[in-house]
Amino acid sequence: MDQDALAELLSDTTDPSLIVQSQQNRPDSPLHNYSSVSVLSAPLHTQQQRLLSTLDDQSFLKLVNSYELSPHEKRSLLGHESDSEPQWESDGSHTPSTSRKSSSEPDHSASVPSSPETSTDNSDPSPGAPHIPVQNLNFGDYGQYFSDKKVLQQDRDAHIKKLYQDALNNGQPFPPVFKDCIIYINGRTDPDRLQLHQKIVLYGGQFMHFLSGKTSVTHIIASNLTAKKRVEFQKYKVVTPSWIVDSIAATKRLPWQDYALITGDHGQRKLDLNIARRSNSESAPQVKNSEDSVTTLDCKHPDFLQSFFAKSRLHHLSTWKADLRALFCQKYIEHGDVKSISENEKVAIFHVDFDCFFATVSALSDPRYKLYKDPLAVAHGTNSSEIASCNYVARSFGVKNGMWVRSARRLCPKLICMPYNFEQYEINSKLLYQILAGMQFFDMILPISIDEAICVKKVSSFPDHHDVEHQCEMVTSAIRQQVFDATNGCTVSIGCGPSLVSARLALKEAKPNGQCVVMNLTGQIQVDNFQAKFTLKDLPGIGSSIVDKICKELLPDASVTPTIGDLKAVSSLKSLTSILGTKTGRKLHMFLSGKDDEENSRILRDPLNFFARKSISVDINYAIRFDTIHEIDDFIDRVCQHLTSKIHELGLVTPQVTLKVMRRCEHAPIEPAKYLGSGECDTFSRSSRFGVPTDEMGLIATEIKSSFRMLACPSKDLRGLAVQLNKLEKKSARHEQRKFAFADQLPTLHKDAEASALRPNAFHSLPQTLKEDVRSELIKRHIQVPLSPSRNDATSTSPVKEYWDKFGKQRDTFKQEMPSSLDEDFMRNLPSQIQREIKRDHAIVKKTRSSVRKRDVNKEEAASKSWLNHRSTLTEVDKFQALERPRDIYNLIGTWIDQTISVGPHADDLDLFDRYLDRLASKWKSYKVLQIARAMSSRLEYHASFTAAEPRGRQEWEEYLLRRMIPKLHSSCSARSPQVQFEL
DNA sequence: GCTCTTTAGGAG
DNA sequence: CATCGCTCCTAAAGAGC
């Protein structure tokens with residue numbers, strides 16, 4: 001048995017693509033059908049090399065040749081179903097973000113086994129050739145891969161476990177010493193992580209390659225921990241590697257406490273660690289702080305988003321909520337027996353809510369804080385920092401959540417600020433939900449937020465129908481006691497009533513640390529009496545703005561806080577709907593009688609639909625300070641990257657995106673009172689649609705950037721930005737087929753030809769790093785290495801000439817002309833603004849033709865002005881250098897690029913070209929500009945593939961493309977909007 | 001009339 | 001030093017036909 005090979009099999013790999021199935025690889029090994037090459041820490045090119053060396057000659061050549069294929073063909077050749085384009089580059093020139101990730105986060109990785117779905121009959125170009133299901137042969141594409149990684153990893157572990165059992169234990173399973181253990185290994189260990197991983201898997205445990213909020217790890221193996229990790233891992237059982245070794249030796253799981261890396265018993269751990277954290281942070285506070293200020297506060301920093309989110313309470317709230325909802329939906333679907341509540345069903349609603357959750361948890365995590373004596377608050381800073389939560393002592397001084405610390409201190413000078421402890425909040429929340437589920441009492445447990453849940457019990461399902469209220473009291477007490485015990489002192493309050501509204505009001509009554517059951521209110525009078533004392537703001541969905549409206553219209557001389565009783569006395573359904581609109585008016589009217597309105601009770605009637613995700617978005621309205629539009633473009637790219645990787649994980653696509661911009665109010669100061677806050681802003685939003693729902697970052701980002709220009713916010717006045725993906729739907733095969741591959745412009749191969757010969761051009765198309773690997777591989781295989789097409793070599797033709805000789809006649813690169821008809825695929829994949837333009841252009845063609853016949857211009861006086869302008873674009877052909885035919889113009893541009901690739905274009909020529917583009921753009925033909933830009937980009941890419949060196953000319957061309965042409969494209973999109981300003 | 005977009009508001 | 005003002009949903013209002 002080859003232990004090393006197996007250990008390697010079990011290893012982490014930096015890349016998902018490195019498991020290669022090969023029939024002829026070591027047929028005598030137990031792994032003959034499943035040989036793998038995987039490398040943990042070797043540089044990427046070494047991995048590539050190792051990958052290459054595992055292929056037989058034919059597969060190897062096919063793979064190399066395939067580099068020249070279109071992305072689509074590559075996909076089918078490789079049996080690769082992912083919709084993102086395969087990336088071979090390891091130098092990051094085309095995929096900077098992903099390749100950076102691969103090098104900086106080696107832990108976030110695992111090998112992926114070939115899956116049976118790989119190549120299908122019609123996707124295999126040559127059925128006679130050896131099968132090469134090199135799945136996911138895209139070195140940079142992590143998006144798709146991350147979503148399936150966990151499952152695949154587990155499959156692989158299971159597979160390996162079986163191999164081991166067969167090989168070492170006569171097919172018998174090893175003792176399940178680590179059954180139900182989910183184990184993560186941190187840092188350097190002895191034995192090393194490969195061996196530990198192997199042992200864990202063989203002995204019934206589950207191995208986790210990474211820690212994330214969603215994965216529940218039961219144990220962490222570590223030999224030593226940094227101070228930061230020590231804090232990070234405080235919620236886990238952290239043990240030394242000998243726990244694994246000794247447990248296996250004893251063939252039973254030994255008590256982890258004996259091997260705990262962090263000393264102190266389980267119950268005390270929380271406190272001990274906080275003390276440890278304090279002393280640790282004292283040891284090196286400056287270093288940490290200076291790092292923070294560099295990376296977190298600059299919105300131009302690539303990691304800004306992540307570091308901001310890590311500290312944002314609101315982001316955490318939203319994330320938790322979304323996660324809880326997703327979990328609910330998942331469980332709801334799994335257990336099909338969960339019922340919704342029909343309209344007439346009588347229910348008891350239990351509204352469960354932690355008391356000042358953040359403040360309580362933070363206070364309990366450190367013995368210095370006296371929860372019931374000191375005025376406490378959770379906040380980041382000392383002045384304009386917002387109080388996320390404060391305890392009841394602080395509230396007695398008038399301190400409120402959301403208040404700035406400075407103003408709170410005016411009310412309560414002794415107020416103590418505590419830091420956030422997001423991890424602990426999460427843990428306590430889980431405990432609550434576990435307890436609720438563990439009661440086995442409720443018909444439904446609906447997640448409202450991290451600290452709040454609504455439990456539903458049908459009255460008909462109570463054990464004793466006669467004394468429902470008493471049973472509710474009992475359950476309520478039990479929950480409160482259990483949560484208090486489990487969380488070491490967190491209190492929950494519970495309101496219980498026959499409707500969602502009544503339960504909410506009862507909850508309000510119960511707080512703090514109490515319970516209020518109002519199941520026995522008989523008749524409207526009792527309900528009214530109970531409700532009358534609550535304020536309007538206590539009602540769900542009624543905020544200050546609605547209250548203000550009501551006060552203005554119905555209670556002009558009311559007290560500061562009008563109550564339900566006050567309003568009930570003076571309002572009618574009619575008056576409410578006229579003030580607030582139909583739905584809101586009706587909703588409030590229902591509430592006044594203690595009933596849930598239709599929208600509110602959807603959560604009971606159709607919870608799955610209620611909780612299903614319909615949109616996803618990122619909002620950043622803090623620390624946004626940009627100078628140029630390019631910085632904003634980059635930022636938009638990052639935001640879109642974030643979003644698309646999420647929907648990719650979720651398997652969703654979006655047909656509509658919205659950009660929301662917060663712009664500093666004209667009169668607002670440049671820097672507001674709050675440090676890096678947004679200050680007073682106007683908000684604008686703009687949404688746009690895709691012809692076909694998409695999850696592609698490029699399309700989405702382009703659309704958003706375009707929208708940003710439409711909104712015409714000066715870069716320096718931008719204070720907030722949000723990108724939303726709306727109307728999400730499940731991704732289906734349909735969405736794949738519609739793709740229009742702009743990049744797919746290199747000449748394509750005849751599918752069955754030359755499969756076993758190396759085509760020089762393919763070789764030279766390879767990225768430099770890969771080329772070297774292939775070259776050495778070729779030498780090893782005694783295959784002739786193609787000559788380098790050197791520019792200085794007199795005997796060789798110039799690359800440009802070679803290009804034209806070979807492909808010039810085909811004109812594939814510049815073949816894209818204006819679509820003669822509105823080709824669907826072409827249209828659907830264009831940005832929506834450009835779609836509109838093309839449609840408009842075509843509509844004008846039609847109109848012109850018909851109007852030439854009818855000469856019926858009079859009726860459209862209003863439209864005629866602009867309309868006539870458009871018509872002129874049809875009669876007067878756009879010319880560039882006296883050329884008219886699009887093909888000629890494209891060819892001219894191509895030659896121009898070729899001739900100036902080393903020295904760069906002349907400024908005068910660019911000016912002429914600029915003017916031509918402007919003419920196009922001003923005549924509603926920015927799609928032509930787009931096409932030209934695409935063609936130019938692909939030409940430059942072609943040149944880039946020839947040499948490793950960067951000719952200055954190419955850089956200049958790319959600069960032109962990026963800095964002038966693409967903005968031009970956006971600007972032509974927004975030409976209708978007269979106030980648009982551009983910063984180039 | 002209708003549909004679609006933008007804006008407002010509320011929740012935790 | 002500050003400080004971490006998110007993200008989901010629905011409804012109303014407005015625009016355009």
Side-chain angles (χ1 to χ4, degrees), chain A residues 286 289-290 292-293 295-297 299 304-322 324-325 353-354 357-358 379-386 388-389 401-402 404-406 417 419-420 422 429 447-453 504 537 539-549 577 579-587 597-600 602-603 610-624 643 656 658-660 662 671-689 711 719-720 722-728:
Chain A
Q286 285 82 6
N289 286 341
S290 68
D292 271 9
S293 63
T295 55
T296 63
L297 290 181
C299 59
F304 166 74
L305 208 56
Q306 204 193 353
S307 71
F308 170 62
F309 283 163
K311 294 171 187 173
S312 160
R313 71 183 197 283
L314 291 172
H315 172 81
H316 276 91
L317 282 177
S318 294
T319 313
W320 286 326
K321 191 168 185 162
L324 286 166
R325 288 175 167 219
D353 189 326
F354 278 105
F357 185 54
F358 284 14
H380 279 296
T382 53
N383 293 317
S384 61
S385 180
E386 275 177 29
S389 174
N401 293 350
W404 285 5
V405 172
R406 187 171 28 204
C417 284
Y420 289 85
F422 293 116
S429 170
I448 301 302
S449 75
I450 182 87
D451 71 332
E452 194 175 340
R504 172 177 288 269
K537 280 212 68 176
L539 293 166
I542 309 299
S544 47
S545 174
I546 290 178
V547 171
D548 286 352
K549 271 189 205 165
T577 48
I579 298 166
L580 305 173
T582 346
K583 301 251 182 143
T584 319
R586 192 163 27 188
K587 175 170 74 178
D597 81 313
E598 209 170 304
E599 171 56 30
N600 242 267
R602 267 186 54 222
I603 194 171
F610 185 91
F611 286 128
R613 187 189 272 280
K614 287 135 206 138
S615 77
I616 188 167
S617 63
V618 162
D619 293 49
I620 312 99
N621 304 313
Y622 180 80
I624 296 294
L643 285 170
Q656 186 185 51
T658 305
L659 170 74
K660 194 190 84 182
M662 285 179 74
E671 283 309 327
K674 186 184 180 72
Y675 175 65
L676 289 182
S678 55
E680 199 185 347
C681 288
D682 296 318
T683 69
F684 308 89
S685 77
R686 203 192 126 83
S687 58
S688 42
R689 282 167 175 279
L711 292 175
R719 288 293 178 274
V723 176
Q724 308 165 1
L725 313 185
N726 309 310
K727 299 173 160 68
L728 295 172

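Computed over heavy atoms, backbone and side chain alike; hydrogens, waters and symmetry mates excluded. Labels below follow one simple rule: chain letters A, B, ... track the order of the sequence lines, proteins then strands, and each chain is numbered from 1.
- One distance of note links OH of A/Y622 with CG of A/L314; it measures 12.5 Å at 0.5 Å rounding.
- Atom-to-atom distance recorded for A/E598:CD and A/K583:NZ is 7.5 Å, nearest 0.5 angstrom.
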Which pairs of donor and acceptor atoms, one on a side chain in residues 610-620 of chain A, lie under 3.5 Å apart (sequence neighbours left out)?
residue : atom : partner : partner atom : Å
A/R613  : NH1  : A/S615  : O            : 3.1
A/K614  : NZ   : A/N609  : O            : 2.7
A/K614  : NZ   : A/F610  : O            : 3.4
A/K614  : NZ   : A/A612  : O            : 3.2

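- OP1 or OP2 of B/dT5 has at least one side-chain nitrogen or oxygen of A/R689 nearer than 4.0 Å.
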- Where along nucleotides 9-17 of chain C does protein come under 4.0 Å, by heavy atom, of base (B) or sugar-phosphate alone (S), with - for untouched nucleotides? SSSS-----
- Task: Walk me through it: do A/S678 and A/N621 pass the test side chain to side chain donor-acceptor pair (under 3.5 Å)?
- Result: CA-CA 6 Å; A/S678 55; A/N621 304 313; over 6 Å; no
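- Taking only side-chain nitrogens and oxygens, A/S318 never comes nearer than 4.0 Å to OP1 or OP2 of C/dC8.
- If you check every strand for non-hydrogen atoms under 4.0 Å, A/S545 touches sugar and phosphate atoms only.
- Each of C/dC4, B/dG12, B/dT6 was ranked by its minimum atom distance to the side chain of A/S685; first place goes to B/dT6.
- Counting distance only, with no hydrogens placed and no angle test, the side-chain atoms of A/S312 and the base atoms of C/dC4 include no donor-acceptor pair under 3.5 Å.
- Nucleic acid contact class of A/G677 (heavy atoms, under 4.0 Å, all strands): base.
- Side-chain N/O atoms of A/K674 include one lying less than 4.0 angstrom from OP1 or OP2 on C/dC4.
- Counting heavy atoms of neighbouring residues, nucleotides and ligands inside a 6.0 Å radius, atom CD of A/E671 exceeds 12 of them.
- Among the atoms of the strands shown, none is found under 4.0 Å from any heavy atom of A/L324.
- Residue contacts shown for A/I450 are absent, as no nucleic acid heavy atom lies under 4.0 Å away.
- Axis angle between the ends of the helix from B/dG1-C/dC17 to B/dG12-C/dC6, five pairs each and rounded to 10 degrees, works out to 10°.
- Annotation: the span from A/F358 atom CZ to A/R313 atom CZ amounts to 8.0 Å, rounded to 0.5 Å.
- Atom-to-atom distance recorded for A/I546:CD1 and A/I579:CD1 is 11.5 Å, nearest 0.5 angstrom.
- Contact annotation for A/S385: backbone-only contact, meaning every heavy-atom pair under 4.0 Å involves sugar-phosphate atoms and none involves a base.
- Residue A/S544 places none of its side-chain N or O atoms closer than 4.0 Å to OP1 or OP2 of B/dG9.
- Contacts of A/N383 with the nucleic acid, taken as non-hydrogen atoms under 4.0 Å apart, involve only primed sugar atoms and P, OP1 or OP2.
- Within the nucleic acid shown, A/T658 has no heavy atom closer than 4.0 Å to any nucleic acid atom.
- At the heavy-atom level, A/Q656 lies under 4.0 Å from the strands shown only through sugar-phosphate atoms.
- Contact between the side-chain N/O atoms of A/H315 and the OP1/OP2 oxygens of C/dC4 is not found at any separation under 4.0 Å.
- Residue contacts shown for A/R504 are limited to sugar-phosphate atoms, with no base heavy atom under 4.0 Å away.
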